[in-house]
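Take a look at the structure below.
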Amino acid sequence: VNEGKDGKFRFTVRDADGKYLGGNLTGFATKEDAAKAADALKAVLATAKVEYGKKDDKKSPPGES
C-alpha cells in the first residue's frame with residue numbers, strides 16, 4: 001500500500017519475484033481502506049474461476065485444443 005501524490009492510497013499486486021501483476025487505480029482515502037480492499041481481493045482470488053470469452057464463444061482457452 002502506497003500513498004500517491006494526490007494523497008490517496010493504492011495497493012499493488014506483485015508475484016514472488018516482484019513482477020507487477022495489477023493494482024488499484026482509483027485510490028482510497030486511508031491506507032487501512034486500501035489494505036482492506038487488497039485483503040478482499042486476495043479472498044476473492046482464492047476461489048475465483050478463469051473464464052474465456054462470452055458464454056456462446058466456442059473457442060478453447062489458450063493452450064488447449
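Atoms considered below: every heavy atom in the structure, side chains included; atoms not considered: hydrogens, waters and symmetry mates.
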Original post:
Are Val44 and Phe11 linked, directly or through other ILVMFWY residues, by side chains that come within less than 4.5 angstrom of each other?
Top reply: no
Original post:
Ion pair present between Asp39 and Lys42, side-chain N to carboxylate O less than 4.0 angstrom?
Top reply: yes
Original post:
Rounded to the nearest 0.5 Å, how far does OG1 of Thr26 lie from CG of Asp6?
Top reply: 10.0 Å
Original post:
What are the two closest heavy atoms between Ala34 and Val1, and how far apart are they?
Top reply: CB-CG1, 3.8 Å
**OP:** Measure the CZ-CD distance between Phe9 and Glu32 for me, rounded to the nearest 0.5 Å.
**Re:** 7.5 Å
**OP:** Spell out, yes or no, whether Tyr20 and Val13 are grouped together once hydrophobic residues are joined by side-chain heavy atoms under 4.5 Å, including indirect joins.
**Re:** no
Original post:
Which distance, rounded to the nearest 0.5 Å, do you find between the OG1 of Thr30 and the NZ of Lys8?
Top reply: 12.5 Å
Subject >> Interatomic spacing from CZ in Arg14 to CG in Leu21 - rounded to 0.5 Å >> reply: 8.5 Å
Original post:
So how far is it from Asn24 CG to Asn2 CG, rounded to the nearest 0.5 Å?
Top reply: 11.5 Å
Subject >> Short side-chain to backbone donor-acceptor contact, Asp15 and Asp17, under 3.5 Å >> reply: yes
